[in-house]
> 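Just dropping this structure here.
Quick note: numbers below take in every heavy atom, side chains included, and nothing from hydrogens, waters or symmetry partners.
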Amino acid sequence: MKKYKFLFCALGLLLPGTGLNGFYLKGPKFFWSWIQLFALIGGIAGWFLLKEYRFQSAPGWVLITLGFIAMEASWLTTITFGLRPDEKWDAQFNPQLDASQATQSRWPTILTVIFSLILGAGVMMTFLAISFEQYFVSQISEARKISQ
């Protein structure tokens, strides 16, 4: 079965953290895709913990960080594999194809790489800004407790 680079990139862009792009390439026994999926589920649970405890839950922060890493890893693999030359793609994932069936990356693949970069950078900056804000807010509240 021929593996399409655009489909891999689209799965990584549109469904980040689910591991579906890894399952597409390597099958259901691919260990890292399962890790990515469980990390995303943990991240969702972490978000609900943080909302419930007003961003003061350490387990919530750990879980949401794992979910964040899963999403960023998905976008990063989309960028990495999307920019891989077609010859290397075919050599690794489509060794059975002849020259007439070779993969030809076109604009849709490049656009998925571009949007993965934009989303990945945006989500990373947002996550870091919120994390630092919450850290400094907690430091201020602890300083107020000590001063009283």
> For Lys26, does the NZ atom sit with more than 12 other heavy atoms under 6.0 Å from it, leaving out its own atoms?
no

> Walk me through it: do Gln92 and Arg84 pass the test side-chain contact (heavy atoms from CB on, under 4.5 Å)?
CA-CA 11 Å; Gln92 186 172 3; Arg84 178 178 285 198; 2.3 Å; yes

> With hydrophobic residues grouped by side-chain heavy-atom distances under 4.5 Å, do Ile118 and Met124 end up in a single group?
yes

> Sub-3.5 Å donor-acceptor pair from the side chain of Trp89 to the main-chain atoms of Asn94, do we have one?
no

> Identify all side-chain donor-acceptor contacts of residues 11-24 below 3.5 Å with residues at least two apart in sequence or on another chain.
unit_1: Thr18; atom_1: OG1; unit_2: Leu15; atom_2: O; d: 2.8
unit_1: Thr18; atom_1: OG1; unit_2: Leu20; atom_2: N; d: 3.4
unit_1: Tyr24; atom_1: OH; unit_2: Tyr4; atom_2: N; d: 2.7

> Taking side chain to side chain donor-acceptor pair (under 3.5 Å) as the cut-off, I'd like each qualifying pair that reaches into residues 101-110, sequence neighbours left out, listed once.
Lys5-Ser105, Asp86-Ser105, Asp90-Thr103, Gln104-Arg106

> Nearest heavy-atom pair of Thr112 and Cys9: which atoms, and what distance?
OG1-CB, 3.1 Å

> Got a sec, which pairs hit ring pair (Phe, Tyr, Trp, His ring centres under 6.0 Å) with one end in residues 125-148, sequence neighbours left out?
Phe68-Phe127

> Taking atom CD1 of Ile69 and atom OG of Ser74, what is their separation to the nearest 0.5 Å?
13.5 Å

> Could you pull out all residues at least two apart from Lys29 that satisfy salt bridge (charged side-chain N to carboxylate O under 4.0 Å, His left out)?
none

> Show the nearest heavy-atom pair for residues Pro28 and Trp34, with the distance to one decimal.
O-NE1, 2.6 Å

> Would you say Leu83 ends up clustered with Leu117 if hydrophobic residues are merged whenever their side chains have heavy atoms under 4.5 Å apart, either directly or through other cluster members?
yes

> As an exercise, state the distance from CD1 of Ile140 to NZ of Lys145, rounded to the nearest 0.5 Å.
13.5 Å

> For residues 36-60, which side-chain donor-acceptor pairs fall under 3.5 Å, sequence neighbours excluded?
unit_1: Gln36; atom_1: NE2; unit_2: Ala70; atom_2: O; d: 2.9
unit_1: Ser57; atom_1: OG; unit_2: Gly60; atom_2: N; d: 3.1

> Do Leu119 and Leu76 share a hydrophobic cluster (ILVMFWY, side-chain heavy atoms under 4.5 Å, transitive)?
no

> If you round to the nearest 0.5 Å, how far is CD of Glu133 from CG of Leu128?
12.5 Å

> For the CD1 atom of Ile35 and the CG atom of Leu66, what is their distance to the nearest 0.5 Å?
10.0 Å

> Taking ring pair (Phe, Tyr, Trp, His ring centres under 6.0 Å) as the cut-off, I'd like each qualifying pair that reaches into residues 69-88, sequence neighbours left out, listed once.
Phe8-Phe81, Phe81-Phe93

> Tell me whether Lys2 at atom NZ has more than 12 heavy atoms from other residues, nucleotides or ligands lying less than 6.0 Å away.
yes

